[in-house]
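One structure is given below, encoded as structure tokens.
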Amino acid sequence: MTATDFLVTTPLPDPGMRLLESAGSVTVAGTRMSRDELAQACASGDYRVVVAQLRDEFDAPLLDKARISGISNFAVGYNNIDVTAATANSIVIGNTPGVLTDATADIALLLILAVARRAVEADTFVRAGKFHGWEPELLLGHDVSGKTLGLAGFGRIARATARRALAFGMTVEFCPRPPGDRVVSDEELGEFAGRVRQVPWPELVANSDYLSVHVPLNAHTRHLVDASVLSAMKRSAILINTARGPIVDEQALVAALREGTIAGAGLDVYEEEPRLAPGLAELPNTVLLPHVGSATVPVRAEMARRCAENAVAMARGERPPYPVNPEALAR
Ligand code: GLV
């Protein structure tokens, strides 16, 4: 039997499935695949390329046994894949960079504003019939304009967030590779030269009225924001995470929010998605979104197109347009 070209773990939005179906044979997993089902499918030799989601874990033992030539991830992030093991096994990985930058920065700003101005509490209040007219001290929140936004990271999404924050009259500081340091030249800063300030990580933590996380998840950034960082933040500070859940120690965050160590948090991602740390959902000073940073119709359509284009190239043994580990092809 010849191998099916594409194993799709979850159907892609338009035009993803159409592109795959016009390029080769497609199998769509009937139900959500467990880690063992995915491992079995990858080892079977029945599929050339897996079109995968962030929740599909490709660990080293799975990849060492896999008989596939590529994984096309429907995401810009790829922390669900052990890249070193994939490369060692000549498995190419593709992702969808660039298209979700603005949409995710919009969600960072949305969370800043929603937590600061208690938008979800206020909405619940109105719907509950509790609004009896304007009151001088009804649902008072925090200012945004004139406040300092600290950006952990200074990649594409952080820069798009900085652009928005500057337009809101915020002061923007950043640390490009926390907790370490790396000097970003004015040339690299481009449009931001003279408009944002680079500071070391401890200073960023201490200065920020809003601390927003924009780093990839890796061994250096896991629990970057832990109990000690939370206790070094201002008591009035608000933490925003649109990057990856495990960058923040969620249990420590719940404790910090309960004890008033910081004032609030806006989260789009969680340490053990879709589970929340005990107590998080009960805290009023949080706004919690279900990982929707890239969730607009046009963005998801463009992600689907890129994901499908990557997969089609991989099935043909060609370099995908958006490769994570092109060196795997040369092996
Ligand atoms: C979403 O989190 C992505 O990495 O695309």
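One-based numbering, in listed order, for ligands and for the atoms of each.
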Shortest protein heavy-atom distance from atom 5 (O) of ligand 1, along with the residue and atom involved: V76 N, 2.8 Å
For atom 1 (C) of ligand 1, find the nearest protein heavy atom and state the residue, atom name and distance (0.1 Å precision). H291 NE2, 3.5 Å
Check T96 against ligand 1 and report side chain, backbone, both or neither, counting heavy atoms closer than 4.0 Å. neither
Between V269 and ligand 1, find which residue part has any heavy-atom pair under 4.0 Å and reply side chain, backbone, both or neither. neither
Numbered atoms and elements of ligand 1 in range of L100, under 4.0 angstrom, heavy atoms: 5 (O)
Interfacing atoms of ligand 1 (cut-off 4.0 Å, heavy-atom, R244): 1 (C), 2 (O), 3 (C), 4 (O)
Is R164 paired with D102 through a side-chain N to carboxylate O contact shorter than 4.0 Å? yes
Among side-chain atoms of [X] and [Y], is any donor-acceptor pair under 3.5 angstrom?
X: D64; Y: N89; value: yes
X: T87; Y: N325; value: yes
X: R55; Y: T10; value: yes

Search all heavy atoms of D56 against all heavy atoms of N80 and return the closest pair with its distance. O-ND2, 2.9 Å
Can you tell me if L54 has a non-hydrogen atom under 4.0 Å from ligand 1? yes
Are F174 and F192 an aromatic pair, judged by ring center distance below 6.0 Å? no
Between ligand 1 and M303, is the shortest N or O to N or O distance under 3.5 Å? no
